[in-house]
Amino acid sequence: MLDVGCGSGRYLSAFANLGVGRMVGVDLSQTMLDLALEQVRAAGHGNTDLVCANFDDFATDECFDVVVAMGFFDYQSNPVHALGKMRTLARHSIIASFPSRHWFRTPLRQVRYRMKKCPVYFYDRASIAAMAEKAGYASTESTKLPGAGMDYVSILRIASR
C-alpha cells in the first residue's frame, strides 16, 4: 500500500493493524513523517518506508495493490495529473478523499487558506468522475460522508492489466 500525503500516519497505522504487509508513506513534511514513524512503530509494523518528498517528485519501481490519498486532493492544482501518476503506481485501485462544496464551510475555508497563501480545492461527484475518466480509470464510486466535513471518499478502479 502507498499512502500519498500520509501526514502523521493515522492511515498507515490503521492498515498495519489490518495486516497490510508492505507500506510506503510519502509526505512533504519531515515533522509529519516523524509522527508517522511513531504511529507505525506503535502498531508494530516493520515493513514500512517513509519518504519525504513532493508526490510529483516521488519515484519508485514498486507497484502497489492500493494507493491511498486522504486529505491530499484538497491542495492539488492539477488533480488529473496526480490521479494519473497514482494509476501508474497501483495494481487495483485508489482510495481518496475529496473535499465537497458547502454553502457555509467552503467560503470560510477558502478565506482561511488564502491568508496562509495555500489554495484549497473542492469537488462534487461529477467532477471526481470526470477527473477519474480523464486520468484513465475504469470506474469510480464516490460516497459523501455525513457529518461536519461531508467530504467524498472515492474508490477509483483500474481496468485489469
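Values reported hereafter were calculated over all heavy atoms of this structure, with side chains retained and with hydrogens, waters and symmetry mates removed.
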Practice item. Tell me, with the steps shown, if F58 and L89 meet side chain to side chain contact (heavy atoms under 4.5 Å, CB included). Key: CA-CA 11 Å; F58 175 69; L89 295 171; 4.3 Å; yes
**Study point:** side chain to side chain contact (heavy atoms under 4.5 Å, CB included) between T60 and F64, worked out
**Key:** CA-CA 10 Å; T60 182; F64 302 89; 4.1 Å; yes
**Study point:** Evaluation steps, side chain to side chain contact (heavy atoms under 4.5 Å, CB included), between C6 and M32
**Key:** CA-CA 8 Å; C6 68; M32 288 289 115; over 6 Å; no
Practice item. Please test I95 against V66 for side chain to side chain contact (heavy atoms under 4.5 Å, CB included), starting from the C-alpha separation and ending with a verdict. Key: CA-CA 7 Å; I95 302 169; V66 175; 3.9 Å; yes
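Applying the 6.0 Å contact sphere to CZ of R101 captures more than 12 heavy atoms from other residues, nucleotides or ligands.
Rounding to the nearest 0.5 Å gives a distance of 3.5 Å between CE of M86 and CZ of F73. Note: S97 OG to M70 CE = 4.5 Å, rounded to the nearest 0.5 Å. Between atom CG of residue L33 and atom SG of residue C52 there is a gap of 5.5 Å, rounded to the nearest 0.5 Å. For the atom pair CD1 (I94) and CZ (R157), the distance works out to 11.5 Å, reported to the nearest 0.5 Å. One finds the CG atom of L156 at 11.5 Å from the CD atom of E133 (value rounded to the nearest 0.5 Å). Taken from CD1 in I158 to OG1 in T88, the straight-line distance is 8.5 Å, to the nearest 0.5 Å.
Residues T140 and I128 meet the side-chain proximity criterion, which asks for heavy atoms closer than 4.5 Å. Between R87 and L83, the closest side-chain pair of non-hydrogen atoms is not below 4.5 Å. Considering only heavy atoms from C-beta on, H81 stays 4.5 Å or farther from Q76 through its side chain. The shortest distance between side-chain heavy atoms of F15 and M1 falls below 4.5 Å. With contacts defined as side-chain heavy-atom distances shorter than 4.5 Å, the pair C118/Y75 qualifies. Side-chain atoms of D124 and F98, non-hydrogen and from C-beta on, never get closer than 4.5 Å to each other. S93 places none of its side-chain heavy atoms less than 4.5 Å from the side chain of Y137. Within the 4.5 Å cutoff, the side chain of Y123 has no heavy atoms near those of the S100 side chain.
In the hydrophobic cluster analysis, where Ile, Leu, Val, Met, Phe, Trp and Tyr join through side-chain heavy atoms closer than 4.5 angstrom, L28 is grouped apart from L35.
A salt bridge is defined here as a Lys NZ or Arg NE, NH1 or NH2 lying under 4.0 Å from an Asp or Glu carboxylate O, and D49 with R22 meets this definition. With respect to the salt-bridge test (charged N to carboxylate O, under 4.0 angstrom), the residues D56 and K85 do not qualify.
For the side-chain hydrogen bond (donor to acceptor under 3.5 Å, both in side chains) condition, the pairs that include at least one residue of residues 4-21, sequence neighbours left out, are S13-Q39.
Screening D3, V51, V67 for a side-chain contact (heavy atoms from CB on, under 4.5 Å) involving V24 leaves a single residue, V51.
Heavy-atom minimum distance, C63 versus A90: SG-C, 3.9 Å. What you find for A36 and G7 is that their closest heavy atoms are CB-O, 3.6 Å. The minimum heavy-atom distance linking V26 with A53 is given by the pair CG1-O, 3.5 Å. Of all the heavy atoms in R109 and P99, the pair that sits closest is NH1-CB, 3.7 Å.
Residues T31 and D34 have side chains that never bring a donor and an acceptor to within less than 3.5 angstrom of each other.
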